[in-house]
Amino acid sequence: MKIAIAGGGIGGLTTALALTQAGIAVTVYERSSQLVDLGAGITLAPNATRVLYHLGLGPALEQTAVTPPVSEYRHYRTGAVIMRMVPKDYRQLFGVPYLRMHRWDLQEAMINHLAEIAPGALKLNARVEQLESRGSEVKITFGDGRVETADIVIAADGIRSALREKLFSPAPPVFSGYVAWRGLVDTATLPPQLRESAVAFGQGRHINRYLVRRGELLNFVAVAQRTQWAEEGWAIPAPRDEFLDEFSSFDEGTRTILSRAAQGQVFKWGLFGRPWLEQWHSGRVVLLGDAAHPMLPFLGQGGANAIEDAMILARCLASQATPQQAFALYQASRGPRTRKATDEAAKRGERYLGEPTADSLKGDNPEGQYAYDAVAGPLGV
Ligand SMILES: Cc1cc2nc3c(=O)[nH]c(=O)nc-3n(C[C@H](O)[C@H](O)[C@H](O)COP(=O)(O)OP(=O)(O)OC[C@H]3O[C@@H](n4cnc5c(N)ncnc54)[C@H](O)[C@@H]3O)c2cc1C
């Protein structure tokens with residue numbers, strides 16, 4: 001079986017690793033001419049690390065990942081701690097850790113591992129323009145006019161998925177009303193009390209910050225509301241005055257962190273969603289990750305769900321007699337869980353917007369989310 005993946009992001013690369021491990025030949029087509037460091041962090045909850053460790057990435061991730069000893073919810077204006085959370089020992093509970101990482105460190109670990117187990121499988125500068133299911137194969141047309149065929153195509157082309165719009169639903173992404181700024185601060189430039197994980201809330205804004213890359217960098221994502229957003233892309237440079245002004249009512253510590261971000265290295269982007277899609281497969285093409293079910297970032301589970309999709313889809317393809325059976329089992333396995341996460345992420349965002357109190361922030365039960373086992377759990381439920 002010859003499988004092509006459109007998109008070399010978190011979902012596409014995990015799928016390539018999982019299929020290769022299952023003995024299925026795969027090619028990943030990524031539109032970018034080189035994969036670049038976009039300067040951001042990512043949280044990998046145990047439901048994601050369970051898959052990544054199973055795929056052999058554990059040692060590479062542990063070279064740079066950080067496991068926070070504690071995390072705090074803080075009042076935006078005073079900086080006072082509203083709630084202090086000491087994470088459980090997830091290695092003991094689930095056998096895998098909760099990690100925070102620089103995104104590039106994650107992506108690099110995936111690319112290097114794929115190059116070892118499937119040399120040449122990742123093709124850059126390959127924008128998939130058109131897919132056409134023709135009986136038992138799919139014709140793939142690239143942006144430069146080249147043509148290839150595959151038995152199955154997995155479209156993992158992200159939230160702005162053009163393939164989803166062409167093959168499944170023309171409905172465009174919808175602006176969520178949130179705008180985010182992200183940046184990295186050299187931890188050495190910060191006083192010790194600011195080198196920790198915290199989320200500060202209030203006045204319709206919140207800022208999540210945490211350490212990455214062996215604690216050498218502090219990642220922040222600052223979110224505010226807007227009525228409209230017209231700019232495209234997720235790497236629009238943000239002028240320093242603009243985001244300092246936006247968060248000027250936050251406590252001095254938070255403002256210090258924002259002001260220490262390297263000049264020109266803070267980026268902004270609008271957060272988008274899409275109407276829920278009931279069916280993610282058509283003919284021999286199937287959607288995965290944000291292309292299938294984009295979710296707001298407030299649960300820290302979008303990438304984790306793309307990683308789970310990858311593992312489950314690889315298991316379905318390896319165990320089922322036909323692509324149609326595999327896709328149906330994948331859909332049944334992933335639809336309900338990703339829908340729930342999408343709804344919860346939206347609700348979490350709303351909770352973050354009010355005046356922060358211990359009561360308004362209660363109610364998180366992450367262990368339920370983290371227990372999900374995409375590696376060995378039952379399929380179809
Ligand atoms: C602010 C923010 C914070 C987040 N934090 C977390 C977090 O802490 N934890 C977490 O789990 N998730 C988090 N997420 C969500 C996570 O980043 C996404 O869910 C995840 O990146 C989705 O992976 P993907 O592979 O589906 O899409 P992407 O990572 O977007 O990858 C899509 C890839 O497809 C390529 N591509 C696009 N079109 C084509 C084409 N036509 N042909 C070929 N290639 C194409 C793109 O260049 C890209 O490389 C966060 C998201 C945001 C916005």
Side-chain angles (χ1 to χ4, degrees), residues 39-49 61-94 96-106 180-202 205-223 243 247 250-261 266 296-304 345 348-349 351-352 356-358 360-367 369-370:
I42 186 160
T43 293
L44 295 172
N47 51 310
T49 54
L61 301 186
E62 285 179 17
Q63 283 179 23
T64 63
V66 175
T67 296
V70 69
S71 201
E72 291 172 343
Y73 286 156
R74 288 171 175 260
H75 191 278
Y76 75 102
R77 187 168 35 76
T78 62
V81 176
I82 300 168
M83 204 187 278
R84 196 174 159 81
M85 290 145 299
V86 180
K88 299 210 167 105
D89 182 347
Y90 292 118
R91 272 188 202 269
Q92 206 190 17
L93 199 59
F94 298 130
V96 285
Y98 175 103
L99 301 177
R100 283 176 164 161
M101 304 201 56
H102 194 300
R103 259 173 202 259
W104 178 247
D105 296 339
L106 170 64
W181 289 257
R182 71 176 182 279
L184 291 164
V185 179
D186 181 350
T187 317
T189 66
L190 294 171
Q193 72 274 18
L194 296 180
R195 300 175 188 173
E196 26 85 291
S197 298
V199 192
F201 306 89
R205 300 178 177 83
H206 68 265
I207 302 181
N208 186 2
R209 64 182 198 243
Y210 56 85
L211 295 169
V212 297
R213 195 167 285 165
R214 295 174 290 266
E216 293 158 17
L217 295 169
L218 184 80
N219 171 74
F220 69 78
V221 179
V223 176
F243 65 88
F247 297 94
F250 277 59
D251 69 288
E252 194 185 337
T254 306
R255 284 185 282 119
T256 301
I257 291 170
L258 298 183
S259 68
R260 301 270 160 94
V266 176
L296 287 169
F298 308 130
L299 214 54
Q301 281 286 332
R348 171 89 70 103
R351 267 201 292 148
Y352 282 2
T357 63
S360 71
L361 298 172
K362 254 194 226 143
D364 296 339
N365 174 23
E367 278 76 37
Q369 185 79 255
Y370 300 170

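Counting non-hydrogen atoms of other residues, nucleotides and ligands closer than 6.0 Å to CD of Gln92 gives a total of 12 or fewer.
Contact record, Ala45 with Tyr370: CB-CE2, 3.5 Å, taken as the closest heavy-atom pair. Summarising the geometry of Pro68 relative to Pro87, their closest heavy-atom pair is O-CG, 3.5 Å, with the distance given to 0.1 Å. Residues Phe243 and Leu258 approach most closely at CE1-O, 3.6 Å, considering heavy atoms. Contact between Asn47 and Ala304 at its shortest, heavy atoms only, is ND2-CB, 3.7 Å. The two residues Ile207 and Ala222 have their closest heavy-atom pair at CG1-CB, 3.8 Å. Between His102 and Val212, the shortest heavy-atom contact is N-CB, 3.6 Å.
At distances below 3.5 Å, not a single donor-acceptor pair connects side-chain atoms of Arg103 with backbone N or O atoms of Ala40. Side-chain atoms of Arg74 come within 3.5 Å of backbone atoms of Gly79 as a donor-acceptor pair (strictly under, hydrogens ignored). Of the possible polar contacts, none joining the Thr49 side chain to the Val96 backbone as a donor-acceptor pair under 3.5 Å is found.
In this structure, Arg195 CZ and Leu218 CG are separated by 10.0 Å, a value rounded to the nearest 0.5 Å. For the atom pair Trp181 CH2 and Phe220 CZ, the distance stands at 10.5 Å (nearest 0.5 Å). Considering CG of Leu217 and OG1 of Thr187, their distance stands at 5.5 Å, rounded to 0.5 Å. In this structure, Leu61 CG and Met101 CE are separated by 5.0 Å, a value rounded to the nearest 0.5 Å. Taken to the nearest 0.5 Å, the CZ atom of Arg209 stands 6.0 Å off from the CG atom of Leu194. Between the CG atom of Leu44 and the OG1 atom of Thr67 there is a distance of 10.0 Å, given to the nearest 0.5 Å.
In this structure, Arg77 has no side chain to side chain donor-acceptor pair (under 3.5 Å) partners at least two apart in sequence or on a different chain. Ser71 meets the side chain to side chain donor-acceptor pair (under 3.5 Å) test with no other residue; sequence neighbours excluded. Scored by the salt bridge (Lys or Arg N to Asp or Glu O under 4.0 Å) test, Arg214 finds Glu216 as partners (sequence neighbours excluded). When the salt bridge (Lys or Arg N to Asp or Glu O under 4.0 Å) test is applied to Arg213, the partners found at least two apart in sequence or on another chain are Asp105. Evaluation of the salt bridge (Lys or Arg N to Asp or Glu O under 4.0 Å) rule for Arg205 yields Glu246 as partners, not counting sequence neighbours. Contacts of Arg84 classified as salt bridge (Lys or Arg N to Asp or Glu O under 4.0 Å), with partners at least two apart in sequence or in another chain: Glu72.
Taking 4.5 Å as the limit, some side-chain heavy atom of Ile257 sits within range of a side-chain heavy atom of Leu190. Side-chain contact between Pro97 and Tyr90: absent, with no pair of heavy atoms (C-beta onward) separated by less than 4.5 Å. At least one side-chain heavy atom of Tyr98 sits less than 4.5 Å from a side-chain heavy atom of Thr43.
Partner of Phe201 under the ring pair (Phe, Tyr, Trp, His ring centres under 6.0 Å) criterion, out of Tyr76, Phe250, Tyr73, Phe247: Tyr73 alone.
By the 6.0 Å and 45° rule, Arg100 stacks over the aromatic ring of Tyr210.
Between the side chains of Thr254 and Asp251, a donor-acceptor pair is found at a separation under 3.5 Å.
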